[in-house]
Amino acid sequence: MNRDQLMEAVQREVPGKRWIHTLGVMETAVKLAKRYGGDPIKADLAALLHDYCKAWPVDRQAEIIRENGLPQDLLDYDKELWHAHAGAWVVRQRHGIDDDEVLDAIRYHTSGRVGMTLLDKIVCLADYIEPNRDFPGVHNIREIAEHSLEKALIAGFDSTIRFLIEQGKKIYPLTVLARNSLVDEAKSL
């Protein structure tokens, strides 16, 4: 399947507003890859596929997680996390995407993880700051992203953690561990 066919396949899975977001994440991921020495082709592919299952019913996402050996603890946390792991599994099965680096960037674009790769960081940050995003603090994160992927991601995770606390929701432990890992990385830069 070539890129145009893959774009059509993704566009069929996401509603119009989500497709516009996906295009914004693709554009931003390629810019970040070029700025920080990443692979713009992999960044484009991972960004294209990152929300493949986002619009699917959460029951279907949960079923994919339950039935395919994906991390079961995800089901105890916010449903917004589920599409990332389900999506990585689905694009491998349905579209033959077998690049582990790309699949990991899709898998961890919502939670982050300890020791995030450059591609993980690029796709996760692009998802936070793409031009169509509008939430309190996004402009600050975009400014930080001009100088540091790690510091911008810390600001992004801080924003997410604050939001979850304000909503009275649980925080997925991997997100806290990812943030702490990035703090250590940022100190050593």
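Residues: numbered from 1 along the sequence shown.
A salt bridge is defined here as a Lys NZ or Arg NE, NH1 or NH2 lying under 4.0 Å from an Asp or Glu carboxylate O, and Arg179 with Asp184 fails to meet this definition. Contact check on Lys170 versus Asp78 returns no salt bridge, with no Lys/Arg side-chain nitrogen under 4.0 Å from an Asp/Glu carboxylate oxygen. Ion pairing of Asp120 with Arg113 is present here, as a side-chain N (NZ or NE/NH1/NH2) and a carboxylate O approach within less than 4.0 Å. Checked for salt-bridge contact, Arg162 and Glu166 miss the test: no charged N lies under 4.0 Å from a carboxylate O.
Side-chain contact annotation: Tyr52 with His95, donor-acceptor N/O pair under 3.5 Å present.
Atom-to-atom distance recorded for Lys31:NZ and Ile129:CD1 is 9.5 Å, nearest 0.5 angstrom. Note that CG of Asn2 and CD of Glu8 are 8.0 Å apart. Values are rounded to the nearest 0.5 Å. The NZ atom of Lys34 sits 12.0 Å away from the CD1 atom of Ile122 when rounded to the nearest 0.5 Å. Here the CG-CG distance, from Leu6 to Leu45, works out to 6.5 Å after rounding to the nearest 0.5 Å. Between atom OG of residue Ser148 and atom CD1 of residue Ile154 there is a gap of 7.0 Å, rounded to the nearest 0.5 Å. The line from CD of Glu80 to CG of Leu74 is 12.5 Å long, rounded to the nearest 0.5 Å.
Follow the hydrophobic side-chain contacts under 4.5 Å out from Tyr77 and you reach Trp89 in the same cluster. No chain of hydrophobic side-chain contacts below 4.5 Å, direct or via other Ile, Leu, Val, Met, Phe, Trp or Tyr residues, connects Leu118 to Tyr108. Hydrophobic clustering places Leu70 together with Trp56 (ILVMFWY residues linked when any side-chain heavy atoms are closer than 4.5 Å, directly or through intermediates). Taken together through direct or relayed side-chain contacts under 4.5 Å among Ile, Leu, Val, Met, Phe, Trp and Tyr, Tyr128 and Val30 form parts of separate hydrophobic clusters. Following chains of ILVMFWY side-chain contacts shorter than 4.5 Å, one can reach Leu49 starting from Leu23, so the two form part of one hydrophobic cluster.
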**Item:** Chi angles and distances behind the salt bridge (Lys or Arg N to Asp or Glu O under 4.0 Å) call for Arg92, Asp100
**Value:** CA-CA 10 Å; Arg92 177 185 284 255; Asp100 288 335; 2.8 Å; yes
**Asked** Passes side chain to side chain contact (heavy atoms under 4.5 Å, CB included), Glu146 versus Arg35? Steps please.
**Response** CA-CA 9 Å; Glu146 296 290 322; Arg35 176 183 302 259; 3.1 Å; yes
**Request:** Could you please spell out the steps behind the side chain to side chain contact (heavy atoms under 4.5 Å, CB included) verdict for Thr110 and Thr160?
**Result:** CA-CA 10 Å; Thr110 55; Thr160 297; over 6 Å; no
**Item:** Chi angles and distances behind the side chain to side chain contact (heavy atoms under 4.5 Å, CB included) call for Ile41, Asp44
**Value:** CA-CA 5 Å; Ile41 294 171; Asp44 179 69; 5.8 Å; no
**Item:** Residue pair Glu13, Arg18: steps toward the salt bridge (Lys or Arg N to Asp or Glu O under 4.0 Å) verdict
**Value:** CA-CA 9 Å; Glu13 299 295 334; Arg18 180 64 46 189; over 6 Å; no
**Request:** Assess whether ring-ring contact (aromatic ring centres under 6.0 Å, His included) is satisfied between His85 and His109, documenting all intermediate values.
**Result:** CA-CA 9 Å; His85 284 264; His109 83 270; 9.4 Å; no
**Message:** Evaluate Leu75 against Ile65 for side chain to side chain contact (heavy atoms under 4.5 Å, CB included), listing each step before the verdict.
**Reply:** CA-CA 8 Å; Leu75 300 173; Ile65 291 168; 4.0 Å; yes
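No side-chain heavy atom of Leu119 sits less than 4.5 Å from a side-chain heavy atom of Asp39. Residues Leu182 and Lys121 form a side-chain contact, since some pair of their non-hydrogen atoms from C-beta on lies under 4.5 Å apart. For the pair Met7 and Met26, the minimum side-chain heavy-atom distance is below 4.5 Å. When side chains are defined from C-beta on, Thr117 does not count as touching Asp104, because their heavy atoms never get closer than 4.5 Å. Side-chain contact between His50 and His21 is present, with at least one heavy-atom pair separated by less than 4.5 Å. In this structure, the side chains of Met116 and Ser181 stay at 4.5 Å or more apart for every pair of heavy atoms. Counting heavy atoms from C-beta on, the side chains of Ile141 and Phe135 come closer than 4.5 Å.
Put simply, the side chain of Asp127 never gets that close to the backbone of Val123: no donor and acceptor are under 3.5 Å apart. With Thr28 contributing its side chain and Val25 its backbone, the two residues share no donor-acceptor pair below 3.5 Å.
Heavy-atom minimum distance, Pro15 versus Ala55: CD-CB, 3.4 Å. Taking all atoms of both residues into account, the shortest heavy-atom contact from Asn68 to Glu63 is ND2-O, 4.5 Å. The two residues Asn132 and Gly24 have their closest heavy-atom pair at ND2-CA, 4.3 Å. The shortest heavy-atom contact between Ala178 and Gly112 is CB-C, 3.7 Å. When all heavy atoms of Arg107 and Ala84 are compared, the pair lying nearest together is O-CB, 3.4 Å. For the pair Val90 and Cys53, the tightest heavy-atom approach, listed with the atom from each and the gap, is CG2-SG, 3.8 Å.
Residue Phe163 qualifies as open at atom CZ: its count of foreign heavy atoms under 6.0 Å is 12 or below.
Exactly one residue among Val183, Thr175, Asn180 makes a side chain to side chain contact (heavy atoms under 4.5 Å, CB included) with Phe157. That residue is Thr175.
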